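Every chain is numbered from 1, with letters handed out A, B, ... down the list of sequences. As the structure is a computational prediction, the values presented were derived from the model and not from experiment. Worth knowing before you read on, the calculation uses all heavy atoms, side chains too, and leaves out hydrogens, waters and symmetry mates.
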Amino acid sequence: MSKKWICLDFETASGCDLKKAGAYVYAENPTTEITALCYVTHYGYGYELDPAKLSPEDNPGLLAEVNDPEVMFVAHNAAFERAIWREIMVKRFNWPDIPIERWHCTMAVALMKGLPAKLDVLSTVLGFGGKDMEGNKVALGLSKFNKKTGMLDHSPALIRRTSAYCMDDVEKEVKVLRRTHNFYGGERKVWEMDQRINDRGIRIDDKYVHACMGVVQRALPPLLTRFSELTGGLKPTQGEKLKGWLSANGLEIDSLNKETVSRLMGEELEDGPDSDQITQPITMPPVCREALYIRGLAASASVKKLPAMLACQGSDGRARGLMQYHGAGPGRWAGRILQPHNFPRAGLDVGDNQTASPDELMAAIMEGDDSYLRMVFGEPIEAVSAGLRHALVSDEDKTFLIADFKTIEARVVLAVAGQHDALKSFTEGDPYSAMAEKIFHTPVNKKDQPELRQTGKNTILGCGFQMGAPKFQMRYCPKETIEFAQSCIDAYRKDLAPKVVELWYGLERAATEAVWSGEPQEYNGIVYIPEGEWLTCLLPSGRKLWYYGPQKTMKPMPWDINDVRPGWSHLTYKAGRLIRRDAYGGLLTENVVQGMARDLLVHCVFLCEHEQIPTVLTVHDENVCESHTERAKLFRELMTNTPDWAKQYKIPVEIDFMQADRYRK
DNA sequence: CGGCAATGCGCC
DNA sequence: AAACGGCGCATTGCCG
């Protein structure tokens, strides 16, 4: 961090919904205006600007800060302040623009250091007190147009109160800044790249989105009507009430989640329920079957992405601000607004036609002939859901170059553990078949024993982070016995990858010793370091994972409660609250592996950016660039390039590559 | 009416 | 001799 900085915060009002539109579209909206602007300088002086006088001429002090290239602009969620600065301060009031390199984001650093993102929670956790709730209410009241008058309330009292609230936030941000300091190592550059990617955005084909919405709007009403007739006035989204109705109609069901429902629907087709999991005889009354079927279609949340796509589409047709830097623990990006990280994967459940191409699907949706769509792709709503990701398109003169790392986490965990014999099956054969052979002690190949191979795949992907038999059974093979699940677990731990088991305990031991001794501890090149309020984990990439608030614990062993051993726990923010979580080996291993996989991706994104192959989206192990066909060869080379630390661990990186004008999987 | 927690769903 | 993965958003239902 430069020695000179100012920490600033805007309060704004708009007819635009910030949550739905995102900062970029919100700032661009002509009804958006600034209702308060406060800042504190590194000297500690605070300034409240008059929102009616925002020109540079009226604010020479702020202008001097802007004109001094050594002054950093600090904000909490700087993407928002940057957008307001660019769209309003620059375009309406003629301020000079401030480049990304001169911004600092306290939220990004908080996330990097394992702290909550929301300012009031963060402030509470760090001991600075919670948000000024009364001021928050006033500011929120001022932030929206009066529904009756369609106007903003500009009364001087309200403006003053909002400004005071704004200043309160700035003061909290300054405290956060003084406690969290700067990005560690190369992360400053990663954040800047994140801002460039978010600024760049990704083009949305709004004609296609409208066609999709048309299909849904035509398909939905008859389903809702029928559902209402069946259930006596319910909506498909009313889960609890539906359970009651189902019960009254002869179907006891404790969960309406997909797995439970599909099992029940499936059971009926076969010749009876399995003995060990269905405790009561299930007869599926036809009305219940129909209601559940309609619910499956109509309550599907994925088509809700369609209006979200339009809401965050900027005036040039591109959606921006879809990714949150370090939104997930070990440094992965999190999805925002339309959540580009969880588009349904097309193909598996799409009607009868499993081989239709995305182009055919898209053409059928654009055609608007629902009966044709139904004939070729099955339920129209499912077809739309399957084609959702095709709404993201490349610019007309460009194309998407897409690469994802093949089974990267399974490879990284084996490599870090030093289990190179098991890694051979990834590069020389079919790892899932090899795993299945260890479980079933019989030759397995993809074509002849697909079910056995699937079990092998589940085992490899599921077992690297200490998953146990009960969970394995529940997730992958509910029809098998617990003994069978245990045999899969054993095959992984004892036969395929005993060194991974050592890695779990090695990392747990190193981290625990670091917490208890106060000294750095290393295992397989991973170093745990006590650093004041944090325990950090130094990865081979040179990046650190940060665990906030580590504490010594004594853990009774499950096989003997009198056998109590040292461990540690840390604070993590989950489901809106801070919880203390036990740091066990599988978790630490998962964090390290996800972190290293993320760093491999970041390495490649940097290489691509450097070669002017710009990234428009990343999805954990996938890089989506918008470029030209001629660049495909270079792109593929760059995406298989690995940094030196990965070569030392002998991580075998391979990619699946695709070129397409529409996003697809 | 908005805030909050719980639940469910999609992906990696 | 052992184990709880992560994320965001939509919805409901409860509360004030």
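Side chains of A:V412 and A:M596 form a contact here, defined as non-hydrogen atoms less than 4.5 Å apart. Put simply, the side chain of A:L224 reaches to within 4.5 Å of the side chain of A:P236, judged on heavy atoms. For the pair A:Y663/A:V624, a side-chain contact is recorded, criterion being any heavy-atom separation below 4.5 Å from C-beta on.
Using a 4.0 Å heavy-atom criterion, one finds that A:K19 contacts no nucleic acid atom at all. Across all strands shown, A:K243 has no heavy atoms under 4.0 Å from either base or sugar-phosphate atoms. A:Y505 comes within 4.0 angstrom of a nucleotide base, judged by non-hydrogen atoms across all strands. Within 4.0 Å of A:G335, counting heavy atoms only, lie sugar-phosphate atoms of the nucleic acid but no base atom. Residue A:R598 is out of contact with every strand shown, counting any heavy-atom pair closer than 4.0 Å. In this structure, A:L338 reaches neither bases nor backbone, as no heavy-atom distance under 4.0 Å exists between it and the strands shown. Nucleic acid contact class of A:Q594 (heavy atoms, under 4.0 Å, all strands): base. Residue A:M557 is classed as a base contact, given a heavy-atom separation below 4.0 Å to a base. Nucleic acid contact class of A:Y584 (heavy atoms, under 4.0 Å, all strands): base.
Closest approach to the A:K241 side chain among C:dC4, C:dT11, C:dG13 is made by C:dG13 (side chain taken as heavy atoms from C-beta onward). Considering only the side chain of A:K555, C:dA3 comes nearest among C:dA3, B:dC11, C:dC4. Which of C:dG5, B:dC11, B:dC12 sits closest to the side chain of A:P344 comes down to B:dC11. Closest to the A:D582 side chain, of the nucleotides C:dG13, B:dC12, C:dA3, is C:dA3. For A:W559, the side-chain atoms get nearest to C:dA1 when compared with the rest of B:dC12, B:dC11, C:dA1. Listed nucleotides: B:dG10, C:dA3, C:dG6. Nearest to the side chain of A:A328: C:dG6. Checking C:dT12, C:dA3, B:dC12 against the side-chain heavy atoms of A:K235 singles out C:dT12 as nearest. Taking every side-chain heavy atom of A:A334 into account, C:dG8 is the closest of C:dG6, C:dG8, C:dA3. When the nucleotides C:dT12, B:dC12, C:dG5 are ranked by their closest atom to the side chain of A:R581, C:dG5 comes out on top. Side-chain proximity of A:V619 to B:dC12, C:dA2, C:dG8: nearest is B:dC12.
Between the P atom of C:dG5 and the CE atom of A:M596 lies a distance of 22 Å, rounded to the nearest Å. Look at CH2 on A:W504: it is 14 Å from C1' on C:dC4, rounded to the nearest Å. Following rounding to the nearest Å, A:L234 (CG) and C:dG13 (C1') show an atom-to-atom distance of 15 Å. Taking atom CG on A:L242 and atom C1' on C:dT11, their separation rounds to 14 Å, with Å as the unit. Here B:dC12 presents its P atom at 7 Å from CG of A:D621, a figure rounded to the nearest Å. Remark: P of B:dC9 and CZ of A:R295 are 7 Å apart, rounded to the nearest angstrom. Rounded to an integer number of Å, the gap from CD1 of A:I482 to P of C:dA2 is 13 Å. The NZ atom of A:K304 sits 8 Å away from the P atom of C:dA10 (whole-angstrom rounding).
OP1 and OP2 of C:dT11 both lie 4.0 Å or more from every side-chain N or O belonging to A:T237. The shortest distance between the side-chain N/O atoms of A:R332 and the OP1/OP2 oxygens of C:dG6 is not below 4.0 Å. Taking 4.0 angstrom as the limit, A:R565 places none of its side-chain polar atoms (N or O) nearer than this to OP1 or OP2 of C:dA1.
When each of A:N342 and A:D563 is assigned the nucleotide of DNA chain C with its nearest heavy atom, A:D563 is the one assigned upstream, toward the 5' end. With DNA chain C read from its 5' end, the first of the two nearest nucleotides for A:A308 and A:P556 is the one closest to A:P556.
Remark: A:R664 fails to qualify as a cation-pi partner of A:F343 under the 6.0 Å distance and 45° angle criteria applied to the six-membered ring. By the 6.0 Å and 45° rule, A:K406 does not stack over the aromatic ring of A:F426. Cation-pi geometry between A:K552 and A:W568 is not satisfied (NZ or CZ under 6.0 Å from the ring centre, within 45° of the ring normal).
Taken over five-pair windows at either terminus, the axes of the helix from B:dC1-C:dG16 to B:dC12-C:dG5 are inclined to one another by 10° (rounded to 10 degrees).
Looking only at atom types and distance, the side chain of A:N77 has no donor-acceptor partner in the side chain of A:K118 under 3.5 Å away. Between the side chains of A:T615 and A:N623, at least one donor N or O sits under 3.5 Å from an acceptor N or O. A:E379 and A:Y293 are linked by a side-chain donor-acceptor pair at a separation below 3.5 angstrom, with hydrogens and angles left out of the test.
Between the side chain of A:Q339 and the base of C:dA10, no donor-acceptor pair of N or O atoms lies under 3.5 Å.
Ring geometry for A:W546 versus A:W534: interplanar angle over 60°, hence perpendicular rather than tilted (30 to 60°).
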